[in-house]
Novice: 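Got a structure for you, questions after.
Residue numbers start from 1 in every chain, and the chains themselves are labelled A, B, ... in the order their sequence lines are given, proteins ahead of strands. In what follows, every heavy atom counts, from backbone to side chain, and hydrogens, waters and symmetry copies are set aside.
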There are 2 protein chains.
Amino acid sequence: MAITIKDVAKHANVAPSTVSRVIADHPRISEKTKKRVRKAMKELGYHPNLIARSLASKSTSVIGLVMPESADVIFQNPFFSSVLQGLSARAYEKSFALQMTTGKTKDEIFQEVVQMVQGRRVDGLILLNSHVEDRLMSYLMNCDFPFVVIGKPYKHEEQITHIDNDNFRAAKEVTEYLLGLNHERIAFIGGHRDLVVTVDRLLGYEKALREASIELRDSYIVHAEFLKEGGEEAIDELLKLAEPPTALVVTDDLMTLGVLHMLDKMEISVAEQMSIVSFNNVFLAQMTQPPLTSVDINIFSLGYEAAKNLILKIEDPKEPVKRIIIPHQLVIRSSCERLEGKAHSSLSTKK
Amino acid sequence: MAITIKDVAKHANVAPSTVSRVIADHPRISEKTKKRVRKAMKELGYHPNLIARSLASKSTSVIGLVMPESADVIFQNPFFSSVLQGLSARAYEKSFALQMTTGKTKDEIFQEVVQMVQGRRVDGLILLNSHVEDRLMSYLMNCDFPFVVIGKPYKHEEQITHIDNDNFRAAKEVTEYLLGLNHERIAFIGGHRDLVVTVDRLLGYEKALREASIELRDSYIVHAEFLKEGGEEAIDELLKLAEPPTALVVTDDLMTLGVLHMLDKMEISVAEQMSIVSFNNVFLAQMTQPPLTSVDINIFSLGYEAAKNLILKIEDPKEPVKRIIIPHQLVIRSSCERLEGKAHSSLSTKK
DNA sequence: TTGTAGGCGTTATCAC
DNA sequence: GTGATAACGCCTACAA
């Protein structure tokens, strides 16, 4: 059996409660006894039982992470690794532990979260992505349980602390960037419509085109999974069009990777024949051929701020609701080129 | 205050212990009272307090994950995402939660693990990678605390349950594969020497060359970080040699990505001028240009089996020590070509 | 089959 | 300043 607070108490000739106070560094304990107790702790190799502490103090110093439904590979997006790093960094600084959901489907994850919350296993939750209709959020709001969202809540935006980029503006800017390079036939390849981030980026794209008085074509807007196959299907559809686009806005670097692969197969050269702006600027973006022009959304900060603000709320329930916008910046590499002459790519002349 | 077992007991007109037994589905409780109690639980919306349960039962149903020291980007290797998926899958099946370390340095992580273990926060641990001299392992063995290692322990192999690939053999096979393609000047680009996996793969590579009576050259063996920059530096060194290699064994797909990037810059064509075999076969391997020939090491299984065997050991401390070898297979794509004529690449003629 | 009571290792509220 | 003592919510002998 492990050393308990009582053993330490005996060893130091004090009451258990005194030991407890020493652990908490209670101010009105004399330095002398503090020293004595600490010595006893050292000698016995005492470590507090955190479970017991949690039970008594009704707090765990654990943050629950609601992972994306890892249907399959979405999970492997380096985006999540980076978010994790940000979360870890702040959690470590504040001595919080991180516990994650393991379920694959929305339902599984929902049940797990209920367990975590009702089971008092975590002090707060971070939702790593935001769905359009999110049962989880309603539940958590209902419980009045501390949580923050990475991304933008679809509903009740004003009542939920969330950490997001200005995806609308970012998408608008990149589209304008392409317009500035003379492109007019710009297509949009987005992730799942169910994700708020996709919706926001789509709106920004549309806004830019509208402001430039360029007609929106439904056929230029395709949605795909965040992965290779997705990118491939998407590009396939687009290139079959009578007037294929000369430039692409793709909402995720990983999808862009699929797009590059596909273009390569079709012997369409990126930049020269097809300009591409991508999102997220994960480390892969600089390693592709050509290196991608991509919007850096400061993923690490998303995670760091999420943890920071959740902990703030845990420590003080009266902490007000906040919306934190993490800045983004377009990192220009080599996947875009100016379209010379009229807005017709070499592709259209094939027809 | 939340609903407790006592509230349910009152509501159902039984003793708290009876409720507890119903929760545990104790056999000698009559179906009738079980039903009644369950009804009461439903009606009151009861959820057990897992912390209290842990304290009383001295078990948490939580597995601790010892993450790699995320100095920076190693963490972003899709390898870890895949391992996590495997771990999650089994953890979910057995209703275990996953809690991870957040520290960046070895020391930080060590301290966290001590907290987890002594704080009784987790029932067991999974070490996601294995270092050459691992203080953590000694500590855990000393405590007799349940843990399994993904990879091969450097020491005490016979006393530590671990899940590994036969990295020696895998490396030997890929080297032989290259030899079979007529290559003789085969270089090895490995990760950090501190990682057991690197050592194993290096030994396999050397063995294959030795068996083929090909001299080992120190200059053909380079170590680098698991990332882009690493790959670039490595390739740079190799190509400066008087007799540069015609083929490469690279121990990680991500490093290979860096290598590809570098070769591309130097206008050396992969396969044609430089054959490459890589390791891990993460999803990126099929998306590069050209797609990589890579050893699939079944990362998901590594994770799944790790969780499975740890839980086995948690459930029965007498569970024997095991070494689980996950099979691997070489996935041949397009990054290697047969070397025609004598073993001289077009590169050497440049000199 | 079910109830009673003590314990799990802390923290927290009283007193002194 | 420090020491009893009662929670915290559940599990588990031991009784009945």
Novice: How long is the line joining NZ of A:Lys10 and C1' of D:dG3, in whole Å?
Specialist: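 These atoms are roughly 15 Å apart.
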Novice: Show every ring pair (Phe, Tyr, Trp, His ring centres under 6.0 Å) that has at least one partner inside residues 114-139 of chain B, sequence neighbours left out.
Specialist: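 Residue pairs passing ring pair (Phe, Tyr, Trp, His ring centres under 6.0 Å), neighbours aside: B:Phe110-B:Tyr139.
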Novice: Have a look at B:Val19 and say if it touches a base, only the backbone sugar-phosphate, or nothing, with a 4.0 Å heavy-atom cut-off.
Specialist: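 Nothing, no heavy atom under 4.0 Å.
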Novice: Tell me whether the OP1 or OP2 atom of D:dT2 has a side-chain N or O from A:Ser30 closer than 4.0 Å.
Specialist: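 The answer is yes; a side-chain N or O of A:Ser30 sits under 4.0 Å from OP1 or OP2.
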Novice: For A:Thr33, report the nucleic acid contact type (base, sugar-phosphate, nothing); a contact means any heavy atom under 4.0 Å.
Specialist: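 Touches sugar-phosphate only.
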Novice: Within this structure, what is the CG-to-C1' distance between B:Asn49 and C:dT10, rounded to whole angstrom?
Specialist: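 It is 14 Å, rounded to the nearest whole Å.
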Novice: Side chain of B:Ala52, heavy atoms from C-beta onward: which of C:dG9, D:dA4, D:dC10 has the nearest atom to it?
Specialist: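 Per side-chain heavy atoms of B:Ala52, the pick is D:dC10.
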Novice: Can you tell me if the side-chain N/O atoms of B:Arg53 get under 4.0 Å from OP1 or OP2 in D:dC11?
Specialist: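 Looking at the OP1 and OP2 atoms of D:dC11, one of them is under 4.0 Å from a side-chain N or O of B:Arg53.
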Novice: Is the shortest side-chain N/O distance from B:Ser17 to OP1 or OP2 of C:dT2 below 4.0 Å?
Specialist: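 For C:dT2, neither OP1 nor OP2 has a side-chain N or O of B:Ser17 closer than 4.0 Å.
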Novice: Using a 4.0 Å heavy-atom cut-off across all strands, classify A:Asp7 as base, sugar-phosphate, or nothing.
Specialist: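 A:Asp7: no heavy atom of the nucleic acid under 4.0 Å.
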Novice: Using atom CZ of B:Arg36 as one end and atom P of C:dT2 as the other, report the distance to the nearest whole Å.
Specialist: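 From B:Arg36 CZ to C:dT2 P: 8 Å.
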Novice: Give a yes/no answer on whether the side chain of A:Ser57 brings an N or O atom under 4.0 Å of OP1 or OP2 in C:dT11.
Specialist: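 The answer is no; no side-chain N or O of A:Ser57 sits under 4.0 Å from OP1 or OP2.
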Novice: In whole angstrom, what separates A:Glu31's CD from D:dG1's P?
Specialist: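 Whole-Å distance recorded here is 11 Å.
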Novice: Does B:Lys58 put a side-chain nitrogen or oxygen below 4.0 Å from OP1 or OP2 of C:dG9?
Specialist: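 Yes.
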Novice: Taking the side chain of A:Ile5 as heavy atoms from C-beta outward, which of C:dT10, C:dG9, D:dT2 is closest to it?
Specialist: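 Shortest atom-to-atom distance from the side chain points to C:dT10.
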Novice: In whole Å, I'd like the distance from the NZ atom of A:Lys6 to the C1' atom of C:dG6.
Specialist: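 So the two atoms are 11 Å apart, to the nearest Å.
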Novice: For B:Val14 and A:Leu55, find the nucleotide of DNA chain C closest to each by heavy atoms; which residue's nucleotide sits nearer the 5' end?
Specialist: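 The 5'-side residue here is B:Val14.
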Novice: Distance check needed: D:dG3 C1' versus A:Arg21 CZ, whole Å only.
Specialist: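 The answer, rounded to whole Å, is 7 Å.
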Novice: Going by atom types only, do B:Asp123 and B:Thr60 share a side-chain donor-acceptor pair under 3.5 Å?
Specialist: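 Looking only at side-chain atoms, B:Thr60 and B:Asp123 do form a donor-acceptor pair, the distance falling under 3.5 Å.
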Novice: Can you tell which of C:dG9, D:dC10, C:dT2 lies closest to the side chain of B:Pro48?
Specialist: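 That would be D:dC10.
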